[in-house]
Amino acid sequence: MSSSFKQLSELGDQLKIASEILRKDQQSDKATGRGSKALKTVVEIHERIRGIIDDLDPVKQPEYMFDPSSPRVVGRIVGITMIAQRRIPLESIERFYGSGVYAIYYNGDFPAYAALSRREHPIYVGKADPADPAAKNPIQQGEKLSGRLNDHRKNIMKASSTLRIEDFEYRALVVQSGIQTSAENYLIDLFKPIWNSEMGICYGFGKHGDDPGTRKNLRSPWDTLHPGRDWAYRDPDMKDAKSKAEIFAAIQAHLKSYAPVSNMDEILQRFLNEVKTLS
């Protein structure tokens with residue numbers, strides 16, 4: 001008997017024992033540690049058997065199978081397509097139909113954002129969901145994407161003591177309903193933008209407003225750094241979630257750990273490196 005078939009026989013015996021322990025544990029009124037250990041053993045044996053069978057097959061298995069319908073694949077393709085769109089001044093938003101994804105870029109001189117200014121690295125990325133999740137075309141989706149960008153424009157203009165709307169640009173892409181979330185996730189993971197709440201640094205930009213009369217909370221770092229939105233300062237007792245010094249330090253540490261990309265070639269190279277092993 002070859003070594004491989006001997007291993008399969010031994011694994012088969014171990015699988016019977018582990019399966020019997022697991023069966024008894026599941027029939028019992030009280031789960032035991034033996035049952036959990038047996039389940040882990042079953043999974044491990046299954047993987048080992050698969051490995052042996054693959055080794056016995058004279059035809060080599062591919063390293064991975066590319067699935068263009070996978071959300072991870074779709075998200076990356078949509079994300080990189082959005083990045084390929086032209087940059088438009090945020091102060092010049094026109095009304096248009098559609099939902100999708102977008103990125104906002106900074107070109108100004110605010111000290112904390114010096115490493116990002118005038119580069120191909122967004123300070124914020126986001127999505128706009130369709131008015132109807134089942135929408136089949138941009139008209140059915142509604143003016144969601146342009147509306148979301150216009151909300152951002154208004155918020156930046158309110159923070160005029162520290163930010164100038166003419167220093168901002170955006171890219172946007174209308175996409176099929178349901179795809180926007182995977183594309184946004186990819187863009188956040190790719191750029192780790194400092195204004196996105198997922199980074200936990202200068203979050204709060206995307207908030208629509210809080211009523212201090214109905215809910216007490218801490219002032220977001222974005223509002224601390226860029227005062228101007230009335231609802232963030234309406235309550236005299238509201239405290240900052242972080243001090244300005246803490247926010248500045250966090251931004252600098254983040255940009256040191258995740259250096260901003262300088263040009264489109266660097267973004268494309270990252271994308272190409274990822275799709276080599278994307279399944």
Side-chain angles (χ1 to χ4, degrees), residues 79 83 87 90-91 101-128 148-171 181 184-262 266-267 270:
I83 293 169
R87 287 168 62 154
L90 189 59
E91 62 180 335
V101 289
Y102 61 90
I104 295 177
Y105 300 84
Y106 182 66
N107 301 318
D109 299 318
F110 191 73
Y113 308 146
L116 292 172
S117 184
R118 302 173 182 87
R119 294 197 174 192
E120 289 295 344
H121 198 106
I123 197 169
Y124 184 81
V125 299
K127 66 178 175 69
R148 187 73 169 133
L149 288 166
N150 195 45
D151 287 342
H152 292 324
R153 178 187 65 82
K154 293 176 180 177
N155 281 330
I156 290 172
M157 291 182 69
K158 290 176 182 177
S160 58
S161 64
T162 55
L163 300 173
R164 303 190 318 155
I165 189 59
E166 53 264 38
D167 290 332
F168 289 85
E169 294 177 315
Y170 74 92
R171 286 188 170 106
T181 299
E184 180 195 38
N185 290 341
Y186 168 67
L187 292 168
I188 291 174
D189 183 63
L190 176 64
F191 293 113
K192 297 177 173 55
I194 59 174
W195 279 5
N196 278 80
S197 61
E198 290 82 359
M199 301 304 106
I201 300 171
C202 193
Y203 56 86
F205 174 61
K207 295 178 74 173
H208 293 283
D210 291 305
D211 184 353
T214 59
R215 180 162 66 94
K216 299 289 185 180
N217 60 3
L218 295 175
R219 184 177 295 112
S220 77
W222 193 90
D223 287 291
T224 298
L225 216 55
H226 305 296
R229 296 194 288 196
D230 172 69
W231 53 264
Y233 285 84
R234 197 180 309 152
D235 181 359
D237 296 324
M238 182 180 285
K239 306 297 183 181
D240 293 334
K242 298 179 182 181
S243 69
K244 288 185 179 180
E246 289 174 326
I247 302 168
F248 267 83
I251 290 173
Q252 299 313 306
H254 180 80
L255 295 178
K256 184 177 180 180
S257 298
Y258 304 101
V261 296
S262 301
E266 188 175 346
I267 297 173
R270 288 191 185 186

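Predicted model, so just to flag it, every value in this text is computed and none were measured. Counting from 1, the numbers follow the sequence of the chain as shown.
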Exercise. Could you tell me whether the side chain of F168 reaches within less than 4.5 Å of the side chain of H152, counting heavy atoms only?
Key: no
Exercise. Report the distance from atom OH of Y203 to atom CG of D223, rounding to the nearest 0.5 Å.
Key: 10.5 Å
Would you tabulate the side-chain donor-acceptor contacts of residues 190-202 under 3.5 Å, counting partners in other chains and residues two or more places apart, or write 'none'?
residue, atom, partner, partner atom, Å
K192, NZ, D189, O, 2.7
W195, NE1, Y113, OH, 2.9
N196, OD1, V125, N, 3.0
N196, ND2, V125, O, 2.9

Exercise. Determine whether more than 12 heavy atoms belonging to other residues, nucleotides or ligands lie under 6.0 Å from atom OH of Y233.
Key: yes
Quiz item: Is R153 reaching over with its side chain to a backbone N or O of L90, donor-acceptor style, under 3.5 angstrom?
Solution: no
Quiz prompt | Exercise: identify the closest heavy-atom pair between E91 and I165 | solution = CB-CG1, 3.7 Å
Quiz item: Which heavy atom of S262 sits nearest a heavy atom of R119, and at what distance?
Solution: OG-NH1, 3.2 Å
Self-check item: Sub-4.5 Å side-chain heavy-atom contact between N107 and R87
Solution: yes
Quiz item: Does the ring of Y102 carry R148 above it, NZ/CZ under 6.0 angstrom from centre and within 45° of its axis?
Solution: no
Exercise. For the pair R118 and D109, evaluate salt bridge (Lys or Arg N to Asp or Glu O under 4.0 Å) and give the outcome as yes or no after the intermediate values.
Key: CA-CA 10 Å; R118 302 173 182 87; D109 299 318; 3.4 Å; yes
Quiz item: Can you name the closest pair of heavy atoms from G108 and S117 and give their distance?
Solution: O-OG, 2.7 Å
Practice problem: Locate the shortest heavy-atom distance separating A241 from P221; write the atom from each residue and the value. | Solution: CB-CD, 4.3 Å
Practice problem: Might you point out which heavy atoms bring R219 and D235 nearest each other, and give the distance in Å? | Solution: NH2-O, 4.2 Å
Practice problem: Could you tell me the separation between the CD1 atom of I123 and the CD1 atom of I251, rounded to the nearest 0.5 Å? | Solution: 7.5 Å
Practice problem: List the steps and the verdict of side chain to side chain contact (heavy atoms under 4.5 Å, CB included) for F110 and L225. | Solution: CA-CA 10 Å; F110 191 73; L225 216 55; 4.0 Å; yes
Quiz item: If you measure from NE2 on H121 to OH on Y106, what distance do you get to the nearest 0.5 Å?
Solution: 15.5 Å
Quiz item: Would a 4.5 Å heavy-atom cut-off, applied to side chains only, mark I104 and F205 as touching?
Solution: yes
Self-check item: Side chain proximity check, D240 to E246, heavy atoms < 4.5 angstrom
Solution: no
Practice problem: Looking only at non-hydrogen atoms, find the nearest pair between R229 and G204 and report the distance. | Solution: NH2-O, 2.7 Å
Quiz item: So, do I156 and D167 sit near enough that their side-chain heavy atoms are less than 4.5 Å apart?
Solution: no
Exercise. Determine whether L255 and L116 make a side-chain contact, defined as any pair of heavy atoms from C-beta on separated by less than 4.5 Å.
Key: yes
Quiz item: Given the rule in the side chain to side chain contact (heavy atoms under 4.5 Å, CB included) test, do R171 and E120 qualify, once you have shown the distances and angles that lead to the verdict?
Solution: CA-CA 11 Å; R171 286 188 170 106; E120 289 295 344; 2.8 Å; yes
